[in-house]
Each structure stands twice: as C-alpha cells, then as structure tokens.
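All chains are named by letter (A, B, ...) in the order of the sequence lines, taking the proteins before the strands, and each is independently numbered beginning at 1.
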Amino acid sequence: MQYNFNEIEAKWQKYWAKNQTFKAENNSKKEKFYVLDMFPYPSGAGLHVGHPLGYIASDIYARYKRHKGFNVLHPMGYDSFGLPAEQYAIQTGQHPAITTETNIKRYREQLDKIGFSFDWSREVRTSDPKYYKWTQWIFIQLFNSWYNVDVDKAEDIQSLIAVFEKVGNTKVNAVCDDDVAAFSAKEWHAFSNQKQQEILLKYRLTYLAETEVNWCPALGTVLANDEIVNGVSERGGHPVVRKKMTQWSMRITAYAQRLLDGLDKIDWPQPLKDSQTNWIGRSEGATVEFRVQNSEFGIPVFTTRPDTIFGVSFMTLAPEHQLVSKITTPEQQTKVDAYVKATAKRSERDRMADVKTITGVFTGAYAEHPFTKEPIPIWIGDYVLAGYGTGAVMSVPCGDQRDYDFAKHFNIPIPNIFEGIDISEEAFADKATTVIANSDFLNGLSYKKAVNRVIFELEKIGQGEGKINYRLRDAVFSRQRYWGEPFPVYYVDGLPQMIEAQHLPITLPEVEKYLPTETGEPPLGNATVWAWDRLKARVVSNDLIDNGNVFPLELNTMPGWAGSSQYFNRYMDPLNGDEIFSKEAINYWQDVDLYIGGSEHATGHLLYSRFWQKFMFDKGLVPKDEYAKKLINQGMITGTSAFVYREEETGNVYSKGKIGNKTVTPIHADVSMVNASDELDVEAFKKWQPEYKDAKFVLEDGKYIVGREVEKMSKSKYNVVSPDSICVEYGADSLRLYEMFLGPLEQSKPWNTAGITGTHSFLKKLWRLYFDVNGAKFNDTEPTKENLKTLHKTIKKVEEDIENFSFNTSVSTFMICVNELSAQKCTSRAILEPLAIVVSPYAPHIAEELWEQLGHTESISTAPFPIFDASYLVEDSKEYPISFNGKMRFTLELPLDLDRDGIEAAVMAHEKTQQQLEGRTPKKIIVVPGKIVNIVG
RNA sequence: GCUCGAGUGGUGGAAUUGGUAGACACGUUGGACUUAAAAUCCAAUGGCCAUUAGGCCGUGCGGGUUCAAGUCCCGCCUCGAGUACCA
C-alpha cells in the first residue's frame, strides 16, 4: 500500500471541514486553552513559505493541547483594512472590498491546504461591518471616559462632570491636555454647553485636538510614530513632515506606567519587552521653573539631573517653543526668525541625518537661576525637541555631552560642579561616582542625596517638583484614507458628537474616487451620502445638511491598528450582534494562553492592544488587564537566491566554477529552476528569459551550477517559494515537518526547498512501519523491551519539546524513533497506535489516516496523548567515556549500580588504560558515577 | 552611539545541571537493485597526518577558572534586530 499523500490530505481536510472537528465550545467542562496567531493582512501576492511558520507552530501546540484534554480555542481571521487594497483601488477604480474578498479567498485556499486546525466558524474580518461595529463601539467608550489618576483607572465622563459641577476642576487629578485653565463649580455652570464640551474634550481618552502630526504628502495621510522608519514612511519609503492638524488622538499616555508595569507579569520575549520599555521611555527627574528676567514668563524644564542645577550656564529652547517669539529681544529678532524658519523647513529626516552639526541662536533674553538668581542666557537650538518634556532644557555643559559641545561651540562658560573631576576634554555623566561641588547646599552630596535635597528645596520655593516623564506620546487616530473604519461621529457647530451605539455600525459610504477631494479633504469627502440625520438616526444625503437636524459626518477613518486592538476578545464570541462578547464567553476564555506572531509589531499593535485591554479592564468588560500570558516571536524565513553569471562583453553565461577571474554580473535566476545540487535547468531558464535564448552557457562537468546567497524572500529576487506547489509535490505534512525542522522557531533561517526530501522520506518510512505492498503490517504481537524503550523515549522528548516550543528537535526525535522501530522490525499495535498520536500534532493528515486504518472511527484529534512511563527507560549499564587529562580515549560499558571504587578498579584494570598511561601513575582519578571517568596524570 | 540577540562541518542545525562536540537531516562520494531513470536500500563523510593501530588540531578571536569549557568569568572582533540629539 502506497503513501498517497495527496489523496490522504484532501480526504482529511474535507473530513475536518465537514465534521467541524475543531469547533470550540464556549461551554465546556474541559479546561480552556487559547492559542492565537497574529491574523494576516490578505495581500494580493498570497502566502509564501515564510508566512505559515508561526501558524504551523501554534497549530502543533493547539493540537497537542487537544490531545491533552483541553478545550482549545484556535481561531483565524483577517486584518483586512489596509493601504495596498486602497492603492490598487486608486489605480484601477476597483472597490477595495472586492480586491480584499478575492485575496481572502486565495489566502483561505492556501491555509486550508496546510491542514490547520482553525475554528473557521469564528473567523473575523476587520473590514466587515458586523465586526467594525464593535471597533466603533469601543471608540465611543473611550470618548465617554477620562483617566482618574487618584484611583489610577479610566472612569465614565459623567463622574468628571459631577466633580466639575460640585467643585470645578482644581481638585481633579486627571490625565488631560496641558492647556486646561482652572475653573470653579460656579464658572462651570456659567459656561455655555459649547464651552463645556470643549473642556471635556481635553479630558476624554480619545479626543479631537490640533496636534503636530507626521504628515506624509505622498500617501496623503498622517502616520503614527511606529509607521515611520528612519524618518520615512514604513510603507513606500516616502518623506514625512511635521504639520499641525486637527486629529483624533488616543490618550495612551495615561496608561504609560501601567503598560510598563504590566510587562513584569507577562511571559513575552525580553527583546520585545525591551523595545516597549524604550518606546515608553520613562525617566525620573524634576521639573524646574526658570523665570525670564524682566517679564512675566516662566520656562518650565524637565531634567533627570536636578542635582546639577548649579552647573547651569545657559538654557536652550526648541525653535518651535511658543515662548521664543515672546522673549526674543529686538536686536536678536532677525537672527532668531531666520533660524526658526530654517529649522521648520528641514524635514525630520534631515535633522536626524546630521546630528554632528551644532546650530543655535541666542535670543537675547535671560532667565534667572532659581537659587543663585544669576542671569542665564536663553538660546534656541534644534537639538532640543519640541515634543519631548517641555521643549526646553536647562543646559549643564559639565554634565551633559550635548550641552558641553554646544557650549564649546558658542563659547559659553562651562562651570565645573564635580568634586575632583577634570572636564577640560568632555562632560562627566557618571551618576554612580558623582560628588557635587561648588553648589551651595548640595556640596559634598552624592547624586541620589543631591537629587532628593534639591527637589525638597525647589518645592520649598515653589519653583519645581519631582517628576516622572515619558517619551511615549498620545497616538494619532485619524487617517485621511478610504479603506478603514469610519468614525461614528458627526459635527454640530464644529464639535464632535457620538452616534448612539444602537445605531452602529456606520458603514463606509460609496465614493466615486478614492483620492482626496480637490479641496484637500480625505476621500470620504467624495461621498454624496454622508450626513447624519439625528431624528431618523441614519446616514442621509449631504444635500440635506441643515445643521439643525442633519449634520456632516467625520471624513477621516481609523488607522490600521484599530481593528487589531481587540480582535482576540471578539474571537471568543464573534457572532454576537448584541454585545462585543458575552460575559459567559469572556469569563470562560479569559485571555490568550499562547500568542505567536512577528516581532515587527513590538511597538505598534502589541502596545496599542495592551492599552485597549487595560481600558476594557477598567470598564469591567474583561477580567484580565493583560490579554496574552505568553507570546512568541517566530523568526523570519529568508530566501536562498540563485544567481547566474553573465560576462558583459561576450554575453556568455558562466557556471559558478568557471568564472575564474572574468568580470561577471550576477543575475537572479528563479529558484524553481534550480535543483537540490544547485544545478540550473538551462532550457527552462532560456524559456523564462528569452534574451538568453542564444547566449552561450559555459558548463562544468556538463552542468550549470548557480551561485547562492541568502536574501529576504521577495518577488523581485525570484526566491519566493509558495507553499502550494510544495503541498502538491510533497504534501502538507512534509511541509509542516520541514518548516519546523529548519531550526528554532524564534530564529531567522534561510529556506531551501531541497531539504524537504528529508522530512518527506521520513513520512514514507513512517508509512512503511504500518504498511507494505501487501497492506497492513501491524498486529497484536507483544512489544519488545526495545520497542517500548524507543516509544517512551520519543513520548518524553516530544512532550518536553512541545512544552518548550522546541519543535525542530521533535522532528529529529521522530526520525530517530522511526529509524529504530524499522530496524527493530516492530509491527506491534501497542507501539504503532500511540506513535500515531505523538506524530499527529506535526503531521495530522497521515496520523488521521493511520488512526483510521488501525480501526478507529473517530478523529485522532482528541485521542489522549500517550502517558510516558519512565520504567521503560531504566538502564542497567552505561557506556562510560574514559578520558585522560580531559580527552576521551575510549568507552567502557559498566553496570550502573557499580560504585565509585568499583568503577575505578574496573577502569584501572583495563588494558587500554595501561596503554594510555604508559607506566605513569595517575595523580588523580575523577569518577562521576553514571557520567564520566577522567584520569589525570 | 545606546539596548538586545547571535557566531559550531560544504549547508540547516543537535548537545539537560560544565561531563563522549557535530545527533537528525540536506548535499557529496562509493555500492546494491534496474534495460535505463526515478524511487528504495547499504556504506563513508569536521580538518590534517597515518597502510592499519592510532595521533594531532578543532565550537568567531585572546586570556582565565576547572580534573573537565560550545556551555562559566574577563577583554575584544564580526553579523543581525530595535532605537536614534529623550534633557
């Protein structure tokens, strides 16, 4: 009987779909286990072999947990809003929904062929109105909430209004905009409704405000910080400029500390935690208020080194700082204006590119030192960022290298305030060895003591206090795009109003064109039916806008991360039309036990989703404030490109070994035309690239050998390998095993299709354990001691490997097991039956088939995992390595119950020992029973 | 620059608390079967020396600890990822 993998795999894929084998129940006496993959954006290119790596790993884990008796939730869906479909729509006029639908279909076909145990009845798509209804709903919840610092959680906006009505805002401890003016209860009551709404907006967790945003002219949209890489857009690499715009923002900064603290209780990779920690960028220090001489202005600064306050010799403001225009003296006005203008013109990228050039201008104004009252010149310089801290620094050149360089460059004095430190060459920034001098009441103090003292003194004179600062900024939530979630928002007198939750979803309107309007409005500005009728509670034609009953709707859409920030909870109850998820569902499933995905989402999706989860937790909607207990980043699979070498002058194409010292240009050849021995199918290549039809191919030993190089897997490098053709040629089980066999899950590794014959022939060997040409071989003979030892060794190792996510070593273990059982000519059902279960998480199709052939009528998927029995592994002897001076010379089999002296005697009596010693007497004999013998001397 | 991760045969990679380095595969070479090919099976395969027996060298580099180091410590080098004037 042949191993007909194509037939077997199709059969079981059909069976699983028909029987809904992997449908998870929300009511179960079994313990729950939630295995989640990062859902993909369905791109037009389809999947290549790198994409399913993480899915295969999580699928193995999910299947293993089912064998272990868990009720496993293992869903899949699509992050289906996104730029590529929209760009395609702009070019072709094709509605993005259609493109997306087509792409999803293709993804699904590809995924199905790999044999994943997804519960497809729970599929979600972020672009489906039934799904984004709940994204809009969460947005409304955020809008109706504020952050109460006193209880350190989000609360309903009504509780804030209640406080305002009673005592005004001076007692309120909230995370809010910086520019909120104080008011009393009386004043609050006197404010117009309009004014009250404006104030509340400054407190809401999602708010509309004019902020400086990253504007990408080429994409026609704003971008979040994490969507910008090296100063250009992550998608497309277009330049990004700073621009002031009115945009929706998310007050993620309210959660900065909790996002940081939460990292301690989740089992996520350290590098990922590190990058979130850096992104949040907590620093401890103090704010200090410097008064500007001869004016009413004060300049607050943030510093991490308040202990060096007596070393301040100048101040530097960001050129964008609002005080610049107010304090600049008439003499300096022209210079300052020119500098401000020049920096505004420079893009972020330019500013980042030359960090070395020191620029700045004196404003002519002086501040007053809070303690010495000495005048301090105020400069502006573009090394100070408007967006960090207060946009101003107290410059201590002796303690900070940038301040030092600036001072040197502009000949500003550099007072030394460190005991016994030479600062003639560079600044001194080592906190640990700092002893303060020339600093009045701080003299002789260490860094820590000085910080405490100076904060105490600052508070005494009312010019500063201890403060913790974060680098994290509020997240801009508006995109000038079509293919995203519409906001459930309309405008009355320019103020945003939420549409009531019962009227959701607000679905995307039809537009003629997907580009911004001629007046520069976002694509939704092209919609003709995009106004809100408050009475009818529905979207109506723009013609009806009267600003009395019918109002304009929001034209921006939500960013890519909106839909992915709660999808993991929606999977728990995805068809629920009345709630985002039922209480029963969330209380049963609780949180994700295992989350697998790429590390590229470290500071985007994985930070925003933690933020939303904490918000949902505050609102009592979810029981856990961290949604994923364990997270694993799968490594990237790189491609192994193939090259042919063309000599430019002659046009000859040389095999790799024939290049010699000729000058050749390497040209990518499609990897599908190269075999396992790096031989190129020359005819296929000529057919593929007709320009080489008549070229002379210089061969070696009658073959054309290509050069190989590891590169990113990409279409343009012709090294993309699709899983489809592999499934046809070798089968999904071979593919699954091979992807795991390549190496540790978290490591990046090159793909080389050639190696797949290894796992494929393993499966054939496995099959031959059960069947030969005459059919079934298995029978009820008693298993031998060796059989049982091999089996239980395998059970133990595979179990440990899966628990440790070391899937590559499991595959080796299977190979060893099958090699051993074949050599033992094992046909015992008592061995072969459990073996099928152990293999099944990795190679589920063949396992199902074997299971059925063994006489079972139910799917193997919930068969109990065999129990490891250590008694089969007990050995009574050990082959001891005998080493001399640490070098292993020979091995000697000795009983394991032999004691130290017995071992020593046996080893010393051995003739090879005497040979090695050549008459010498050993100085020392190390005997570690059960391990090793080492003879020294 | 800073933070994190990684360097082991021709290739992907194994190696539990320090205890037989190179498991398991790919590739290569030789052989069996076949009219032939594919498939399958058997054998060899880190380098150098040696007819054999065996020896020497070997886990990025240089030191150290130890009876014993891929593994621990110190100092470097290279590559990859993140971050980038963060006060």
Side-chain angles (χ1 to χ4, degrees), chain A residues 229-231 269-279 281-283 285 301-305 308 315-316 318 351-352 354-358 381-385 387-396 399-403 405-406 469-471 599-600 602-603 633 635-636 640 676-678 708 710 737-738 741-744 746-759 761-762 764-765 768 797 800 804 806 808-816 819 879-891 915 922-928 930-937:
Chain A
V229 178
N230 295 330
Q270 197 54 46
L272 195 154
K273 287 188 184 180
D274 289 343
S275 71
Q276 289 208 351
T277 306
N278 292 338
W279 194 261
R282 180 187 203 268
S283 44
V301 301
F302 173 75
T303 174
T304 54
R305 295 296 304 273
T308 63
M315 296 188 71
T316 318
R351 262 170 93 162
M352 272 164 46
D354 67 335
V355 175
K356 293 278 174 302
T357 328
I358 297 165
D382 71 357
Y383 80 97
V384 178
L385 304 175
Y388 183 76
T390 61
V393 300
M394 59 173 228
S395 302
V396 182
D400 181 286
Q401 194 57 44
R402 284 169 327 226
D403 295 346
D405 295 341
F406 195 88
N469 199 45
Y470 300 93
R471 196 184 78 118
S599 56
E600 67 272 22
T603 50
N633 288 131
M636 203 184 31
T640 312
S677 311
D678 293 344
R708 305 225 89 155
V710 171
L737 283 168
Y738 186 55
F741 188 60
L742 280 179
E746 302 188 66
Q747 220 166 282
S748 101
K749 53 235 161 197
W751 179 268
N752 191 345
T753 306
I756 201 169
T757 53
T759 55
S761 58
F762 156 74
K764 286 196 274 192
K765 274 189 226 171
R768 281 202 305 275
K797 177 80 172 123
E800 286 170 0
N804 295 320
S806 174
N808 54 324
T809 47
S810 279
V811 182
S812 311
T813 303
F814 291 139
M815 290 172 171
I816 293 167
N819 288 348
E879 196 163 301
Y880 279 94
I882 312 299
S883 30
F884 293 80
N885 297 319
K887 285 188 178 116
M888 206 280 286
R889 290 304 175 198
F890 62 94
T891 58
Q915 243 174 52
K923 285 199 199 103
K924 207 170 174 185
I925 300 168
I926 313 282
V927 178
V928 185
K931 283 257 161 88
I932 199 170
V933 177
N934 190 15
I935 297 162
V936 188

Can you check whether A:Val301 reaches A:Met315 side chain to side chain, under 4.5 Å on heavy atoms?
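A:Val301 vs A:Met315: side chains touch.
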Could you tell me whether the side chain of A:Asn752 reaches within less than 4.5 Å of the side chain of A:Arg708, counting heavy atoms only?
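Yes, their side chains come closer than 4.5 Å.
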What is the base-pairing partner of [N], counting Watson-Crick and G-U wobble geometry with both distances under 3.5 Å?
{"N": "B:U40", "value": "B:A32"}
{"N": "B:A69", "value": "none"}
{"N": "B:A87", "value": "none"}
{"N": "B:U17", "value": "none"}
{"N": "B:C24", "value": "B:G12"}
{"N": "B:A53", "value": "none"}
{"N": "B:G5", "value": "B:C79"}

Gap in Å between the two [atom1] atoms, one belonging to [N] and one to [M], rounded:
{"N": "B:G46", "M": "B:G9", "atom1": "P", "value": "13 Å"}
{"N": "B:U45", "M": "B:U11", "atom1": "C1'", "value": "14 Å"}
{"N": "B:U35", "M": "B:U52", "atom1": "C1'", "value": "42 Å"}
{"N": "B:C57", "M": "B:C4", "atom1": "P", "value": "37 Å"}
{"N": "B:G70", "M": "B:U65", "atom1": "P", "value": "16 Å"}
{"N": "B:G31", "M": "B:G13", "atom1": "P", "value": "33 Å"}
{"N": "B:C74", "M": "B:U66", "atom1": "C1'", "value": "16 Å"}
{"N": "B:A23", "M": "B:G47", "atom1": "P", "value": "13 Å"}

Donor-acceptor pair, distance only, cut-off 3.5 Å: does the side chain of A:Asn804 make one with the backbone of A:Glu800?
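Side chain of A:Asn804 to backbone of A:Glu800: a pair is present.
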Compare every heavy atom of A:Phe741 with every heavy atom of A:Ser812, then report the nearest pair and how far apart it is.
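Closest approach of A:Ser812 to A:Phe741, heavy atoms only: OG-CE1, 3.7 Å.
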Which heavy atom of A:Asp403 sits nearest a heavy atom of A:Ser395, and at what distance?
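In terms of heavy atoms, the two residues are closest at OD2-CA, 3.3 Å.
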Look at the side-chain N and O atoms of A:Arg768 and state whether any lies under 4.0 Å from the OP1 or OP2 oxygen of B:C41.
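For A:Arg768, the contact criterion (side-chain N or O under 4.0 Å from OP1 or OP2 of B:C41) is met.
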Rounded to whole Å, how long is the line connecting atom [atom1] of [X] with atom [atom2] of [N]?
{"X": "A:Asn885", "N": "B:G55", "atom1": "CG", "atom2": "P", "value": "13 Å"}
{"X": "A:Lys273", "N": "B:U83", "atom1": "NZ", "atom2": "C1'", "value": "19 Å"}
{"X": "A:Glu746", "N": "B:C4", "atom1": "CD", "atom2": "C1'", "value": "13 Å"}
{"X": "A:Tyr388", "N": "B:A84", "atom1": "OH", "atom2": "P", "value": "13 Å"}
{"X": "A:Ile925", "N": "B:A68", "atom1": "CD1", "atom2": "P", "value": "15 Å"}
{"X": "A:Leu272", "N": "B:G82", "atom1": "CG", "atom2": "P", "value": "12 Å"}
{"X": "A:Phe884", "N": "B:C56", "atom1": "CZ", "atom2": "P", "value": "13 Å"}
{"X": "A:Gln276", "N": "B:U83", "atom1": "CD", "atom2": "P", "value": "12 Å"}

Taking the nucleotide of RNA chain B with the closest heavy atom to each, which residue, A:Asp274 or A:Val393, is nearer the 5' end?
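Nearest-nucleotide comparison on RNA chain B picks A:Asp274.
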Please figure out whether A:Arg305 or A:Asn278 has its closest RNA chain B nucleotide nearer the 5' end.
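That would be A:Asn278.
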Going by the glycosidic torsion and a 90 degree boundary from 0, is the base of B:G9 oriented syn or anti?
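For B:G9, whose glycosidic angle is within 90° of 0, the conformation is syn.
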Whether A:Trp751 and A:Tyr738 hold their rings parallel, tilted or perpendicular, with breakpoints at 30° and 60°
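Plane angle over 60°, so perpendicular.
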Over 60° means perpendicular and under 30° means parallel, so tell me whether A:Tyr383 and A:Phe406 are parallel, tilted or perpendicular.
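The arrangement is tilted - the two ring planes meet at 30° to 60°.
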Quick one: list whatever passes side chain to side chain donor-acceptor pair (under 3.5 Å) with [X], sequence neighbours left out.
{"X": "A:Arg282", "result": "A:Gln257, A:Glu284"}
{"X": "A:Glu746", "result": "none"}
{"X": "A:Ser810", "result": "A:Asp801, A:Tyr842"}

Not counting sequence neighbours, which residues clear side chain to side chain contact (heavy atoms under 4.5 Å, CB included) with A:Asp405? List them please.
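Result, side chain to side chain contact (heavy atoms under 4.5 Å, CB included) vs A:Asp405: A:Ile358, A:Gln401.
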Base-contact (B) and sugar-phosphate-only (S) positions in nucleotides 12-28 of chain B, heavy-atom cut-off under 4.0 Å, - elsewhere:
BSS--B-BB--BBSSSS
Short heteroatom pairs, N/O only, protein and nucleotides 36-39 of chain B, under 3.5 Å:
{"unit_1": "B:A39", "atom_1": "O3'", "unit_2": "A:Lys764", "atom_2": "NZ", "d": "3.3"}

